[in-house]
There are 2 protein chains.
Amino acid sequence: MLQDPNIDSSLTKNQSLVLESLNDARGPLSAYSILDKLRNKGFKAPLQVYRALDKLTEFGFVHRLESLNSFIACKHASCDDSAATAFVICDSCEVVQEMSDISISNFMAVLANKASVKPIKSNIELHGICNDCEKK
Amino acid sequence: MLQDPNIDSSLTKNQSLVLESLNDARGPLSAYSILDKLRNKGFKAPLQVYRALDKLTEFGFVHRLESLNSFIACKHASCDDSAATAFVICDSCEVVQEMSDISISNFMAVLANKASVKPIKSNIELHGICNDCEKK
DNA sequence: ATGAATAATGTAATAATATAACATTTACTT
DNA sequence: AAGTAAATGTTATATTATTACATTATTCAT
Ligand SMILES: [Zn+2]
Ligand SMILES: [Zn+2]
Ligand SMILES: [Zn+2]
Ligand SMILES: [Zn+2]
């Protein structure tokens with residue numbers, strides 16, 4: 001084999017296929033729509049997708065959008081554990097912006113402190129109408 | 001009838017029953033666990049619960065926890081539309097704290113502005129381990 | 001009061017999302 | 001090569017949510 005077809009050689013075949021699907025998509029995908037896209041690559045059962053998504057999420061390559069029951073490839077070079085991320089979702093065109101800056105992490109740290117909770121994972125999703133859709 | 005049994009007389013019977021279930025619960029409930037609690041009050045189908053939850057959410061009496069696919073009664077006198085709310089969830093004991101102050105609203109307004117999006121609804125959920133569970 | 005319009009409900013069927021269980025294969029370590 | 005851990009294949013099932021359509025209750029103008 002001349003070249004590793006995986007984007008990241010540490011990924012397994014199923015993980016690579018799922019990540020490619022998400023990278024190719026212009027928006028978030030449900031697990032079952034990923035399954036449908038990968039049926040011609042041999043995928044037959046939802047668990048193949050969910051297992052790959054679990055790992056990809058663990059690695060930080062994929063995020064789950066809780067309010068949409070769907071998944072999206074990380075748009076950042078690396079969303080390490082310390083960096084909290086927020087998603088801004090247009091309810092009209094379904095475009096998702098992934099925002100990740102220190103002010104988000106700081107805000108969540110303050111919130112955790114106020115609530116006397118040791119933070120594990122934060123989930124911030126803002127639904128609205130994007131500029132382009134608003135103009136129409 | 002001497003007295004209206006509803007907490008809020010504007011609520012219908014099904015809405016009141018669902019809200020009472022959530023008020024009685026010590027944590028968030030799934031729609032199906034609400035259904036089970038209300039079978040002895042005549043509930044037979046999930047739609048009875050989901051329809052009541054839709055209205056209660058619209059009125060601001062109930063919030064949906066997206067990351068848990070579950071619902072919780074609002075702990076504030078009134079969570080009006082302008083006040084963003086954040087939920088802090090202990091992954092060990094499942095206690096949920098509802099936080100609502102102006103800094104949360106301000107933070108989401110800044111986020112919306114950065115993303116050039118007109119905000120509709122925000123969802124902030126922080127998972128962690130609460131003080132009590134941490135000590136154990 | 002009466003009838004039209006609106007809102008809420010009842011009920012059955014089905015769709016959409018996610019996991020459990022167990023056998024098999026592959027990759028890594030020694 | 002043998003042993004271990006990780007990943008995969010496959011079937012069945014659990015959980016969450018909605019569609020569709022008939023019925024009943026409430027509201028409001030006449
Ligand atoms: Zn990311
Ligand atoms: Zn848009
Ligand atoms: Zn509230
Ligand atoms: Zn706790």
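Note: hydrogens, waters and symmetry copies are ignored here, and every other heavy atom, side chains too, is used. Just so it is clear, the model here is predicted, and its values are computed rather than measured. Lettering of chains follows the sequences in order, A, B, ..., and the numbering in each one begins at 1.
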**Asked** Please give, in whole Å, the distance from dA6(D) P to Leu11(A) CG?
**Response** 16 Å

**Asked** Between Leu35(A) (CG) and dA15(C) (P), how many Å, whole number?
**Response** 16 Å

**Message:** Ring-plane angle category for Phe107(B) and Phe107(A), please: parallel below 30°, perpendicular beyond 60°, tilted otherwise.
**Reply:** parallel

**Prompt:** Does dG9(D) have OP1 or OP2 sitting under 4.0 Å from an N or O in the side chain of Gln48(A)?
**Reply:** yes

**Message:** Counting only side-chain heavy atoms from C-beta out, which of dA21(C), dA17(D), dT9(C) sits nearest to Arg51(A)?
**Reply:** dA21(C)

**Asked** Does dT16(D) have OP1 or OP2 sitting under 4.0 Å from an N or O in the side chain of Ser30(B)?
**Response** yes

**Listed nucleotide nearest any side-chain atom of Leu47(A), set dA8(C), dT19(C), dA20(D)** = dT19(C)

**Request:** Let me know, please, whether Leu68(B) or Gln15(A) comes out on the 5' side of the other along DNA chain D by nearest nucleotide.
**Result:** Gln15(A)

**Item:** Nearest-angstrom distance from the residue atom CD of Glu66(B) to C1' of dT17(C)
**Value:** 14 Å

**Asked** Within the pair Thr12(B) and dA25(D), is there a side-chain N or O less than 4.0 Å away from OP1 or OP2?
**Response** no

**Request:** Would you indicate, yes or no, if dT9(C) has its OP1 or OP2 atom less than 4.0 angstrom from a side-chain nitrogen or oxygen of Lys13(B)?
**Result:** no

**Asked** Is there a donor-acceptor pair under 3.5 Å between the side chain of Glu98(B) and the backbone N or O of Phe87(B)?
**Response** no

**Fill in**
Looking only at dA18(C), dT11(D), dT16(D), the nucleotide nearest the Arg64(A) side chain is dA18(C)

**Residue pair Asp36(B), Arg39(B): steps toward the salt bridge (Lys or Arg N to Asp or Glu O under 4.0 Å) verdict** = CA-CA 5 Å; Asp36(B) 286 340; Arg39(B) 283 193 192 282; 3.2 Å; yes

**Asked** Rounded to the nearest Å, what distance is computed from the CG atom of residue Asp54(A) to the P atom of nucleotide dT19(C)?
**Response** 7 Å

**Message:** Can you measure Phe59(A) atom CZ to dA6(D) atom P for me and round it to whole angstrom units?
**Reply:** 11 Å

**Donor-acceptor under 3.5 Å (Ser105(B) side chain, Ala84(B) main chain)** = yes

**Asked** Does Tyr32(A) get its side chain close enough to the base of dA18(C), under 3.5 Å, for a donor-acceptor pair?
**Response** yes

**Message:** Could you tell me how far apart Leu53(A) (CG) and dA18(C) (C1') are, to the nearest whole angstrom?
**Reply:** 11 Å

**Asked** For Leu17(A), does its backbone N or O pair with a side-chain atom of Ser21(A) as donor and acceptor, under 3.5 Å?
**Response** yes

**Asked** Between Phe43(B) and Ala31(A), who's closer to the 5' end of DNA chain C by nearest nucleotide?
**Response** Phe43(B)

**Length of the line joining Asn14(A):CG and dA27(C):P, which is rounded to integer Å** = 12 Å

**Item:** d(CG, Asn69(A); P, dT18(D)) in whole Å
**Value:** 10 Å

